[in-house]
J.: 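Got a structure for you, questions after.
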Amino acid sequence: MKWTLTLPETNLSDCCVQLFLQETSEKHREFLKRQREAVKYRLKKLAARQSEITKKSSVIRENIIRKYREIQAVLDEDLRVTLSHLEMEERAAVSTLDGLMERNCSLIQQIEQDLARLTVGIDQTDSGLDTMSFFSYPEPQDMERADRVMDLLNRTDPSIVSLDQVKADQILGLANNMLLLISSQTPIIKILTKSYSSEVFLDPDTAHPKLIISPQGDSATYTDTWQQLPDLPGRFDTTLNVISVQGFSFGRHYWEIDVTGKTYWELGVTYPNIPRKGTTEDCWLGRGDESWCVELFDGEYTAWHGGVPHQLPFTKRFCRIGVLCSFPAGLVTFVEADNMTPLFSFCAGTFSDCLHLAVCPGHDHNGTNAQPIVICNAPSPIPVSSD
């Protein structure tokens with residue numbers, strides 16, 4: 001007799017589904033584990049890179065400090081040697097003058113002794129002693145004394161002893177040349193930063209209708225007249241902004257902007273997707289996440305990003321502002337361009353798009369802010385030696 005075992009169809013189906021779900025869940029679990037391990041590995045690499053950068057920065061800092069100290073040591077030693085030579089010359093001149101003064105003092109003592117004897121002689125004459133014997137003082141001795149005095153005066157003329165003025169002038173000249181050389185090389189960071197200079201030109205198709213963009217594209221000036229310009233999608237229609245034609249997405253880039261004579265301005269960098277229409281606050285530089293800026297308003301400097309203000313501790317009216325953006329470092333830095341005084345730095349992390357230079361010259365404020373805002377394009381980057 002042949003027996004057959006039959007399972008209920010519903011039970012078999014449930015088992016298959018359960019098995020399928022278990023397999024799928026296990027595969028998904030393994031997938032998530034692999035993803036977790038990949039992220040953990042990346043996190044480990046990032047932490048190692050962070051530690052490496054910190055250590056490398058420390059080594060660089062120590063090397064720079066050592067070089068500056070070596071420069072200072074060389075200057076200190078040169079100053080010591082130079083001053084020692086001057087001091088030797090001074091001692092020699094002072095010693096010579098001491099000898100001449102001593103000879104004069106000695107002759108003065110002799111003359112005073114003669115004067116004392118003369119006074120005694122006069123007193124004796126008044127007492128009734130032999131007057132003729134007193135006045136029989138030999139005249140040749142007076143002539144001899146006069147010759148000695150004249151000879152001494154000729155030999156001890158103060159003008160015959162002097163410092164080497166030619167040498168002193170040469171030392172001062174060489175020291176001044178050294179100062180000029182050092183000054184031409186400092187701040188060192190200025191030479192390095194200027195090597196990142198990139199030419200940019202303002203895009204008139206993005207400029208607010210109340211901005212006049214120079215034919216060269218290097219300046220923006222406010223005008224009360226609303227210019228009849230095409231209402232292009234990229235044109236700012238409320239904020240007085242204009243951005244550069246060029247956008248940059250890698251490397252390091254530096255620009256200097258002349259704000260001489262201005263009482264209000266904004267300048268910085270922006271992604272191309274900054275809002276440009278309407279009255280939304282994000283259209284202003286630094287008020288949204290798309291841009292970073294520094295502004296001068298009412299005599300106060302403020303750095304902006306993401307709508308967060310950072311009050312800056314400066315009151316001096318700067319003439320040139322430098323803007324440095326570094327894609328490798330994820331950094332946007334603003335400096336006072338003449339002395340490279342840092343104003344503010346944004347640690348932006350990884351930039352999500354290319355960056356354009358952006359400026360806002362502001363309203364003219366009854367003529368007090370009528371000057372243009374000018375981009376100072378360097379003719380060509382300054383090469384930096386790798387030695």
Side-chain angles (χ1 to χ4, degrees), residues 42 45-65 67 185-202 243-259 266-274 285-286 288-295 301-306 308 310 312 314 318 320-359 375-386:
R42 177 49 55 88
K45 287 292 186 180
L46 289 171
R49 183 63 172 170
Q50 186 182 60
S51 177
E52 177 189 346
I53 288 177
T54 301
K55 291 178 181 177
K56 187 174 182 179
S57 177
S58 178
V59 170
I60 292 172
R61 186 182 298 108
E62 290 301 319
N63 287 338
I64 291 173
I65 292 173
K67 287 300 178 183
Q185 300 299 309
T186 57
I188 288 178
I189 195 67
K190 185 171 186 176
I191 298 175
L192 175 64
T193 303
K194 278 184 171 290
S195 71
Y196 303 139
S197 294
S198 302
E199 274 196 329
V200 290
F201 303 99
L202 299 176
I243 69 173
S244 65
V245 175
Q246 297 85 350
F248 302 89
S249 56
F250 62 90
R252 297 174 177 86
H253 303 276
Y254 176 72
W255 308 282
E256 288 186 2
I257 296 90
D258 193 331
V259 292
E266 296 178 7
L267 58 90
V269 293
T270 181
Y271 293 144
N273 65 337
I274 182 174
L285 297 182
D289 293 332
E290 303 85 2
S291 59
W292 297 257
C293 87
V294 164
E295 73 169 8
Y301 292 93
T302 308
W304 288 88
H305 174 63
V308 179
H310 303 272
L312 307 185
F314 303 100
F318 299 124
R320 278 197 182 194
I321 303 297
V323 183
L324 173 67
C325 64
S326 172
F327 283 86
L331 192 68
V332 177
T333 297
F334 297 88
V335 299
E336 185 276 314
D338 290 331
N339 297 315
M340 300 305 290
T341 302
L343 302 181
F344 196 83
S345 288
F346 291 100
C347 296
T350 303
F351 295 108
S352 61
D353 204 340
C354 65
L355 291 175
H356 293 254
L357 181 65
V359 299
I375 299 172
C376 308
N377 279 315
S380 60
I382 303 172
V384 176
S385 173
S386 59

J.: Taking the inter-plane angle between the rings of His253 and Trp255 on a 0 to 90° scale, is it parallel (under 30°), tilted (30 to 60°) or perpendicular (over 60°)?
T.: parallel
J.: Any side-chain heavy atom of Pro342 within less than 4.5 Å of one from Thr333?
T.: no
J.: Is the number of heavy atoms from other residues, nucleotides or ligands within 6.0 Å of CD (Gln50) greater than 12?
T.: no
J.: Drop me the distance from Glu266's CD to Thr302's OG1, to the nearest 0.5 angstrom.
T.: 9.5 Å
J.: Start with the C-alpha gap between Phe250 and Phe351, add the side-chain angles, then the distance that decides, and say whether side-chain contact (heavy atoms from CB on, under 4.5 Å) holds.
T.: CA-CA 9 Å; Phe250 62 90; Phe351 295 108; over 6 Å; no
J.: Closest heavy-atom contact between Gln246 and His356?
T.: O-ND1, 3.0 Å
J.: Carefully, step by step, assess Ile274 and Leu285 under the rule side-chain contact (heavy atoms from CB on, under 4.5 Å).
T.: CA-CA 9 Å; Ile274 182 174; Leu285 297 182; 4.0 Å; yes
J.: List for me each residue that meets ring-ring contact (aromatic ring centres under 6.0 Å, His included) alongside Phe344, sequence neighbours excluded, and say none if there are none.
T.: His310, Phe346
J.: About how many Å separate CD1 of Ile243 and CG of Leu202, when rounded to the nearest 0.5 Å?
T.: 9.5 Å
J.: Quick one: does Cys325's side chain get under 4.5 Å of Phe248's, heavy atoms only?
T.: no
J.: So, for Glu336 and Leu343, which heavy atoms are closest and what is the spacing to 0.1 Å?
T.: N-CG, 3.8 Å
J.: What distance separates Phe327 CZ from Cys354 SG, expressed to the nearest 0.5 Å?
T.: 7.5 Å
J.: Quick one: pull up CD1 in Ile191 and CE in Met340 and give me the separation to the nearest 0.5 Å.
T.: 10.5 Å
J.: Looking at every non-hydrogen atom in both residues, tell me the closest pair between Gly251 and Pro328 and how far apart they are.
T.: O-CD, 3.3 Å
J.: How close do Glu290 and Asn273 get, heavy atom to heavy atom, and via which atoms?
T.: CG-OD1, 3.5 Å
J.: Drop me the distance from Ile321's CD1 to Asp338's CG, to the nearest 0.5 angstrom.
T.: 9.0 Å
J.: Step by step, would you call Ser249 with Leu355 a side-chain contact (heavy atoms from CB on, under 4.5 Å)?
T.: CA-CA 6 Å; Ser249 56; Leu355 291 175; over 6 Å; no
J.: Does Lys55 pair with Glu52 as a salt bridge, N-O distance under 4.0 Å?
T.: no
J.: So do the side chains of Leu357 and Ile375 get within less than 4.5 Å of each other, counting heavy atoms only?
T.: yes
J.: Are any of the side-chain heavy atoms of Ser195 and Tyr254 separated by less than 4.5 Å?
T.: no
J.: Roughly how far apart are Arg61 CZ and Ile64 CD1, rounded to 0.5 Å?
T.: 8.5 Å
J.: What pair of heavy atoms forms the shortest contact from Thr270 to Ala358, and how long is it?
T.: CG2-CB, 3.8 Å
J.: Might you work through the side-chain contact (heavy atoms from CB on, under 4.5 Å) test for Val335 and Leu324, ending with a clear yes or no?
T.: CA-CA 8 Å; Val335 299; Leu324 173 67; over 6 Å; no
J.: Could you pull out the closest heavy-atom pair between Arg320 and Val259, with the gap in Å?
T.: N-CG2, 4.4 Å
J.: Check for a donor-acceptor pair, side chain of Lys190 on one end and backbone N or O of Asn339 on the other, with a separation under 3.5 Å.
T.: no
J.: Between Leu267 and Phe334, is any pair of side-chain heavy atoms under 4.5 Å apart?
T.: yes
